[in-house]
Q: 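Shown below is the structure under consideration.
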Amino acid sequence: MTATAGSVWLDAAYLVTGILFILGLRFLSSPATARFGNRIAAVGMLIGLLSTLIGTGIVSWWIVIVGVVIGTLVGLVAALRVKMTAMPQMVALFNGAGGGAAALVSTAEFLFRMQGASFAHGIALPYDQGLTIVLSAIIGSISFAGSIIAFLKLQEVMTGRPITYVGQQIVNGLIALATVAFAAFIVTLHGTPEPLWPFFAMLGGALVLGVLFVLPIGGADMPVIISLLNSFTGLAVALTGLALANNVLIISGALVGASGTLLTILMSRAMNRSLFNVLFGAFGAVSSAGATAAGGPQNIRTATVDDVATMLAYANQVIVVPGYGMAVAQAQHSVKKLADELEKRGVTVKYAIHPVAGRMPGHMNVLLAEANVPYPALYDMDDINPEFPQTDVALVIGANDVTNPAARNVASSPIYGMPILDVDKAGNVVVLKRSMRSGFAGIDNPLYEMPNTMMLFGDAKASVDDLVGAVKAA
Amino acid sequence: MVHLLAELTVFVLALFVGFEVISKVPTTLHTPLMSATNAIHGIVLVGALLVAGAAFPPLGAIFSIIAVALATINVVGGFAVTERMLQMFKGRAPVKK
């Protein structure tokens, strides 16, 4: 088909696209040049798309026009309206769209080859193309269905908790086996005229598999799964490229696959869990053992707004430790105001960002950027941890598990070994929290019982707003 | 098979380039990175255009039209949302007296 009959200049245009993508990602290595990077990548995309439209003999223009118009409207409206807190589910949806598109392209290519006309010229589906077509269809479908479930979980349409049932592993395994069997059947038939149903059965199996593999993953593990789905779609696109013998798809898919894989590894490492454990050892099941065994914390000190305000106002250095709870309460703008007040008084304010703060890699940084917090004030875990001992006040806002010292020394704790922010080493710790409810992992946090810790209960935004007023008066 | 091997070569080399380039992106930018790579895999739109352009029976046409729409959402939405996020990233304001 046209896909394999690209002219020389079309291939050259694709090469330019590939180069611009790589350069675009290169410029993403600094916040100062990142916007430029995104734009170069967009230009690369435009070149690739326009060349395709002009350089290949497109017959059914109406399909292209209808599809592009619908897609542009939906994509643009979604991108411009989404709230920054909802970014993970937005990314999941876009990711699913890409995976679905890859699967559909492979399906369409398969259908095209199964047309009677193709057989006139010998083998319609050589082994290598058959293999890449079924693989891209399977992985694309898994990514599509998995992303939809991830979206529903993050959007809280369905429960964010892990969903498990008896024999889950076995059921999933059987479906995976059936999917592979259908795929093998299609490939080995070698494209002799064959019924289409095995292909659709395979697609169905892959879709179910995508749903089932995300269902048991919940809460704190979402950043890992979002990254993993990202790499799946990249892989699916690269495989589509192999099926269509199209280099730009192969290169772009590989870039995305690499990026998603790298982020998956970083996120797993930040939680001290293997990817295998994230995927197959539902967090809920593990944590129930070590959770709330002590019957909840006893010796906690509560503070008043004035106590905390005085402490902050006369500190030398304050480190803010934001968690997703801060974003849920929409407190980031108030936090920025508080930081401004403190800085006016000569207090140094820094932000400590744990790698899994928020619901996708780097989510917290975006939320703070939205509140106009300058990015040089945001510190990664490894950079900020040595600073806690010289810090007067650590202000923990809506973060829990990532500050839990149990991760360091309680071997029975489900989060044992997870790298944490050394908040407890600060002179004073103030924890802003709505209630004594435990975090995602459902475990007690000994930090709250430490002698240098004070709790300030209430809605994070209201508390911080009160603090701003009190610091002004101090 | 010869073709496949040549293409696999491209794939593997691109993977290495990807790891190299991505590992230089700071954690601050990981969310925009993910949405940008998201937009980049929207390049599958090229594939969707190719199969859509080949004009074949109703089933293929339906799949193509959905593929084009999904991939376009991916491309347009991905780049737009990345741009929106990145314009929020600001350095320290120049120090005023």
Side-chain angles (χ1 to χ4, degrees), chain A residues 1 3 21 25-26 28-29 31 34-35 38 42 48 52 58-60 63-64 67-68 70-72 74-76 78-79 91 94-95 97-98 100-102 104-105 107-108 111-112 128 233-234 237 240 242 244 250-252 254-256 258-259 262 361-363 365-366 369-370 374-376 380, chain B residues 1 4 7 10-11 14-15 17-19 21-22 24-25 27-31 33-38 40-44 46-56 60-61 63-74 76-83 85-86 88-92:
Chain A
M1 68 183 299
F21 282 170
L25 290 174
R26 189 76 191 77
L28 268 172
S29 59
R35 244 177 125 179
N38 185 47
T52 309
I58 288 178
V59 192
S60 6
I63 292 185
V64 173
V68 167
I70 295 176
T72 306
V74 175
L76 213 52
V91 167
F94 287 156
N95 192 52
L104 285 170
V105 170
T107 306
L111 293 176
F112 178 80
D128 53 352
T233 302
V237 170
T240 310
L242 291 173
L244 299 180
I250 299 175
I251 295 174
S252 317
L255 291 175
V256 181
S259 159
L262 211 64
H363 191 199
N365 306 69
V366 170
E370 190 193 14
Y375 60 80
D380 292 343
Chain B
M1 281 298 174
L4 186 65
E7 288 153 8
V10 173
F11 175 70
L15 268 184
V17 173
F19 277 117
V21 173
I22 305 293
K24 302 218 165 57
V25 177
T27 43
T28 302
L29 289 175
H30 276 172
T31 293
L33 166 71
M34 196 176 275
S35 74
T37 54
N38 234 327
I40 285 176
H41 68 50
I43 190 71
V44 72
V46 164
L49 292 177
L50 290 174
V51 293
F56 48 95
F63 284 152
S64 313
I65 212 167
I66 301 174
V68 171
L70 285 179
T72 309
I73 292 177
N74 192 180
V76 176
F79 281 118
V81 89
T82 309
E83 176 72 18
M85 271 191 277
L86 288 175
M88 300 185 319
F89 278 84
K90 295 186 188 80
R92 280 194 195 283

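Lettering of chains follows the sequences in order, A, B, ..., and the numbering in each one begins at 1.
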Q: Any side-chain heavy-atom pair from B:Thr72 and A:Ile70 closer than 4.5 angstrom?
A: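 No. Closest side-chain heavy atoms not under 4.5 Å.
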Q: Top residue by heavy-atom pair count (under 4.5 Å) with chain A, among B:Leu33, B:Ile40, B:Val17?
A: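 Of the options given, most contacts go to B:Ile40.
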Q: Which one of B:Thr31, B:Leu86, B:Ile22 has the most heavy-atom pairs closer than 4.5 Å to chain A?
A: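 Of B:Thr31, B:Leu86, B:Ile22, B:Thr31 has the most heavy-atom pairs under 4.5 Å with chain A.
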Q: Does any backbone or side-chain atom of B:Leu49 lie under 4.5 Å from a heavy atom of chain A? Answer side chain, backbone, both or neither.
A: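 Contact with chain A is through both the backbone and side chain of B:Leu49.
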Q: Let me confirm one number: the CZ-CD1 distance from B:Phe11 to A:Ile250, rounded to the nearest 0.5 Å.
A: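 So the CZ of B:Phe11 and the CD1 of A:Ile250 are separated by 9.0 Å.
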Q: What's the separation between atom CZ in A:Arg35 and atom CE in B:Met85, rounded to the nearest 0.5 Å?
A: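 So the gap between those two atoms works out to 13.0 Å.
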Q: Any chance you could measure B:Ile65, atom CD1, to A:Leu104, atom CG, to the nearest 0.5 Å?
A: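 The CG atom of A:Leu104 is 12.0 Å from CD1 of B:Ile65, to the nearest 0.5 Å.
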Q: So which of B:Ala71, B:Gly47, B:Ala36 has the biggest tally of heavy-atom pairs under 4.5 Å with chain A?
A: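 Most pairs with chain A among the choices: B:Gly47.
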Q: Given the options B:Gly77, B:Gly18, B:Ser35, which has more heavy-atom pairs under 4.5 Å with chain A than any of the others?
A: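 That would be B:Gly77.
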Q: How many angstroms lie between CG in A:Asn365 and CZ in B:Phe89, if you round to the nearest 0.5 Å?
A: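 CZ of B:Phe89 is found 6.0 Å from CG of A:Asn365.
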Q: Looking only at side chains, do B:His41 and A:Asn95 share a donor and an acceptor under 3.5 Å apart?
A: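 Side-chain D/A pair, B:His41 to A:Asn95: present.
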Q: State which residue, out of A:Leu255, A:Leu262, A:Leu25, A:Leu28, fulfils the side chain to side chain contact (heavy atoms under 4.5 Å, CB included) condition with B:Val21.
A: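 Only match with B:Val21 under side chain to side chain contact (heavy atoms under 4.5 Å, CB included): A:Leu25.
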Q: Please report the closest heavy-atom contact between A:Ala102 and B:Val44, naming both atoms and the distance.
A: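 So the minimum-distance heavy-atom pair works out to CA-CG2, 3.7 Å.
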Q: Can you tell if the side chain of B:Lys24 reaches within under 4.5 Å of the side chain of A:Arg26, non-hydrogen atoms only?
A: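 In short, these two side chains touch, coming nearer than 4.5 Å.
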Q: So, for B:Leu70 and A:Ala101, which heavy atoms are closest and what is the spacing to 0.1 Å?
A: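 Shortest heavy-atom separation between B:Leu70 and A:Ala101 comes out as CD1-N, 4.0 Å.
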Q: In terms of heavy-atom pairs under 4.5 Å, which option from B:Val25, B:Val68, B:Ile73, B:Val76 contacts chain A the most?
A: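 Of the options given, most contacts go to B:Ile73.
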Q: Heavy-atom distance under 4.5 Å between the side chains of B:Thr27 and A:Pro361, does that happen here?
A: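 Contact flag for B:Thr27/A:Pro361 side chains = no.
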Q: Give, as side chain, backbone, both or neither, the part of A:Ala34 having an atom under 4.5 angstrom from any heavy atom of chain B.
A: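 Looking at A:Ala34, backbone and side chain both touch chain B.
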Q: Pick from B:Ile43, B:Val46, B:Thr82: which one has the most heavy-atom pairs with chain A under 4.5 Å?
A: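 Looking at each option in turn, the highest pair count goes to B:Ile43.
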Q: Of the listed residues (A:Pro31, A:Gly71, A:Gly362), which shares the most heavy-atom pairs with chain B below a 4.5 Å separation?
A: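 Among A:Pro31, A:Gly71, A:Gly362, the one with the most close pairs to chain B is A:Gly71.
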Q: Could you look at A:Ser29 and say if it's the side chain, the backbone, both or neither that has a heavy atom under 4.5 Å from chain B?
A: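 The answer is both parts of A:Ser29.
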Q: Hey, could you give me the CG/OG1 distance between B:Asn38 and A:Thr233, rounded to the nearest 0.5 Å?
A: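 Between atom CG of B:Asn38 and atom OG1 of A:Thr233 there are 7.0 Å.
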Q: Taking the side chain as C-beta and beyond, is there a heavy-atom pair between B:Val81 and A:Phe94 under 4.5 Å?
A: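 With C-beta onward as the side chain, the pair touches.
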